[in-house]
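Keep in mind that this is a model prediction, so the values were computed, not measured.
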Amino acid sequence: MGKIVLVTGAARQLGGRFVRRIQRDPGVDRVIAVDAVAPEHELGAAAFVLADIRQSAIARVLAEYSVDTVVHLDVSAKAVGAGGRTTVKETNVIGTMQLLGACQKSPAVQRLVVKSSTNVYGSAPRDPAVFTETTPPKSLPSGGFAKDAVEVEGYVRGFARRRPDVAVCVLRFANILGPEPDSPLADYLSLPVLPTVLGYDPRLQFVHEDDVVDVLEIASREPRRGTLNSGTFNIAGDGVLLLSQCSRRLGRPTVPLLLPAVTWVGSALRTIGMTDFSPEQIRLLTHGRVVSTVQMRETLGFRPKFTTAETFAEFARSRGPGLLPPERVARAVGRLAELPAGGGPAGTTHSTHSAR
């Protein structure tokens, strides 16, 4: 028999894409898609189960379908539907606890894949230039999604100790972007004007949605010859971009503000529902974050199709032109460059000889 795969977070775009993809794997016999809300997208031939992973009923789902592979994608910074931050935290933390408890009791479960985030490293002024999977954060996240991710990974490590027979893979994704992103950072980058922290230009990494689905598929099946898909891996596209480069490529002007003012603006934007400009996101937009992807390539055997710059270019095209489209700015700069140094009409020369 082929694998029976259960996927949480199926109502999200990313979850839906993975559910449709994993069905094409010849080694998969059946896919069970789970979420607390009904998805608005197609799930193909997958069986959808309306279930809240925060409830103990998830154990019955695992037992009923004899699930052997669990792909936990319901760890996110944004709620699906009208849920707020409390719902998000409960789903991330309590939902993960319930799911892992159910997996621990199920003898059929053989593989667990968990979607995590490079947010676990935090963002601090004394951070190393590049984080590896074993680099401890200088300052542990004190709240928000970053703290959720740290707690989720702690529970996963505990599960791995209690069930050493289960292959566990934790994927720490950099900022996920693409044509249909669903994250607070994508919301921030979609603002017409980007508030930034005065005096800082952070380095950022991105990973494309397509690459996310590809690496999830690699992690959910048996490892290829010469690779290992158990452990913790940073997942990001090659290269980095500065926030100033991002704003120029989007055509969105920046408004540099002192840190207290940025915090106030973030609270205002959060209040009116434009974007979740949380303290952890402000720290990212102050100090940035870059991770090593050596283990992703050499151990997991995954090479992203998109670089950080290519991923951002896809995202920029999906957002449409900003207030200052790069092409228009380039033409204006070109016209300025054509002006003579003296400021007179082009082609006019000024004599340097003294009058006789």
Side-chain angles (χ1 to χ4, degrees), residues 1-10 14-15 17-33 62 66-75 96 99-100 103-104 106-121 131-135 149 152-174 176 205 207-238 291-306:
M1 288 183 61
K3 287 182 175 293
I4 300 176
V5 182
L6 181 141
V7 182
T8 67
L14 183 62
R17 288 192 60 184
F18 178 69
V19 166
R20 293 190 295 272
R21 166 68 70 83
I22 198 65
Q23 292 174 59
R24 302 202 296 265
D25 188 325
V28 173
D29 197 42
R30 193 172 189 185
V31 179
I32 316 301
L62 289 175
S66 300
V67 172
D68 55 59
T69 302
V70 176
V71 182
H72 183 30
L73 303 184
D74 208 358
V75 181
T96 298
L99 180 65
L100 294 178
C103 290
Q104 183 176 335
S106 173
V109 173
Q110 300 173 3
R111 179 170 294 278
L112 171 68
V113 181
V114 179
K115 170 182 171 283
S116 187
S117 168
T118 56
N119 279 305
V120 297
Y121 299 114
F131 283 100
T132 67
E133 287 82 353
T134 58
T135 306
V152 164
E153 288 199 13
Y155 295 132
V156 172
R157 285 192 294 271
F159 169 81
R161 288 192 297 269
R162 292 187 295 271
R163 286 289 305 270
D165 58 307
V166 176
V168 178
C169 183
V170 176
L171 301 175
R172 291 174 177 168
F173 291 103
I176 300 173
Q205 280 177 309
V207 57
H208 197 281
E209 296 168 341
D210 292 355
D211 287 325
V212 172
V213 175
D214 288 346
V215 74
L216 284 170
E217 185 176 16
I218 289 174
S220 63
R221 63 193 183 200
E222 295 304 309
R224 296 193 299 257
R225 185 179 180 87
T227 67
L228 178 67
N229 60 0
S230 297
T232 300
F233 302 95
N234 294 328
I235 309 296
D238 290 344
V291 299
S292 168
T293 56
V294 172
Q295 293 302 316
M296 174 191 76
R297 294 173 175 279
E298 296 184 356
T299 304
L300 186 61
F302 175 68
R303 287 169 173 75
K305 297 175 183 175
F306 296 84

Dump the intermediate steps for side-chain contact (heavy atoms from CB on, under 4.5 Å) on R224 and I218, then the final yes or no.
CA-CA 8 Å; R224 296 193 299 257; I218 289 174; 3.6 Å; yes
One pair to check against side-chain contact (heavy atoms from CB on, under 4.5 Å): R17 and V212. What are the steps and the verdict?
CA-CA 10 Å; R17 288 192 60 184; V212 172; over 6 Å; no
The test is side-chain contact (heavy atoms from CB on, under 4.5 Å); show your working for T135 and T132 and say whether it passes.
CA-CA 5 Å; T135 306; T132 67; 2.8 Å; yes
Run the side-chain contact (heavy atoms from CB on, under 4.5 Å) test on L73 and L216 for me, step by step, so that the C-alpha distance in whole Å, both residues' side-chain angles and the decisive distance to 0.1 Å come before the verdict.
CA-CA 10 Å; L73 303 184; L216 284 170; 3.7 Å; yes
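The side-chain hydrogen bond (donor to acceptor under 3.5 Å, both in side chains) search around S66 returns none, not counting sequence neighbours. In terms of the salt bridge (Lys or Arg N to Asp or Glu O under 4.0 Å) criterion, residue partners of R221 (sequence neighbours excluded) are, by chain and number, E217. Partners of Q23 under the side-chain hydrogen bond (donor to acceptor under 3.5 Å, both in side chains) rule, at least two apart in sequence or in another chain, do not exist in this structure. For R303, there are no salt bridge (Lys or Arg N to Asp or Glu O under 4.0 Å) partners two or more places apart in sequence or in a different chain. Residues passing the salt bridge (Lys or Arg N to Asp or Glu O under 4.0 Å) test with D29, sequence neighbours excluded: none. In this view, R163 and D165 satisfy the side-chain hydrogen bond (donor to acceptor under 3.5 Å, both in side chains) rule, not counting sequence neighbours.
Counting only heavy atoms from C-beta outward, the side chains of F131 and T118 never approach each other to under 4.5 Å. Side-chain contact between R172 and V120 is present, with heavy atoms from C-beta onward closer than 4.5 Å. Side-chain contact between L62 and V70 is present, with heavy atoms from C-beta onward closer than 4.5 Å. Counting only heavy atoms from C-beta outward, the side chains of L100 and L112 approach each other to under 4.5 Å.
To the nearest 0.5 Å, atom NZ of residue K3 and atom CD of residue E222 are 4.5 Å apart. Rounded to the nearest 0.5 angstrom, Q295 CD and F233 CZ are separated by 7.0 Å. Interatomic distance, F302 CZ to T227 OG1, rounded to the nearest 0.5 Å: 12.5 Å. For the atom pair F159 CZ and L99 CG, the distance stands at 8.5 Å (nearest 0.5 Å). The OG atom of S220 sits 9.5 Å away from the CG atom of L171 when rounded to the nearest 0.5 Å. A distance of 10.5 Å separates CD1 in I235 from CD1 in I176, rounded to the nearest 0.5 Å.
Of all the heavy atoms in A160 and V168, the pair that sits closest is CB-CG2, 4.1 Å. Scanning all heavy atoms of the two residues, the minimum distance from P223 to R111 falls at CD-NH2, 3.8 Å. The nearest pair of heavy atoms linking A236 to A174 is CB-CB, 3.7 Å. Contact between T69 and V67 at its shortest, heavy atoms only, is O-CG1, 3.3 Å.
When atom types are taken as modelled, the side chain of S116 and the backbone of V170 share no donor-acceptor pair closer than 3.5 angstrom. Side-chain atoms of N234 come within 3.5 Å of backbone N or O of S292 as a donor-acceptor pair.
Surrounding CZ of R30 are at most 12 heavy atoms belonging to other residues, nucleotides or ligands under 6.0 Å away.
Salt bridge K305/D214: present, at least one basic N to carboxylate O contact under 4.0 Å.
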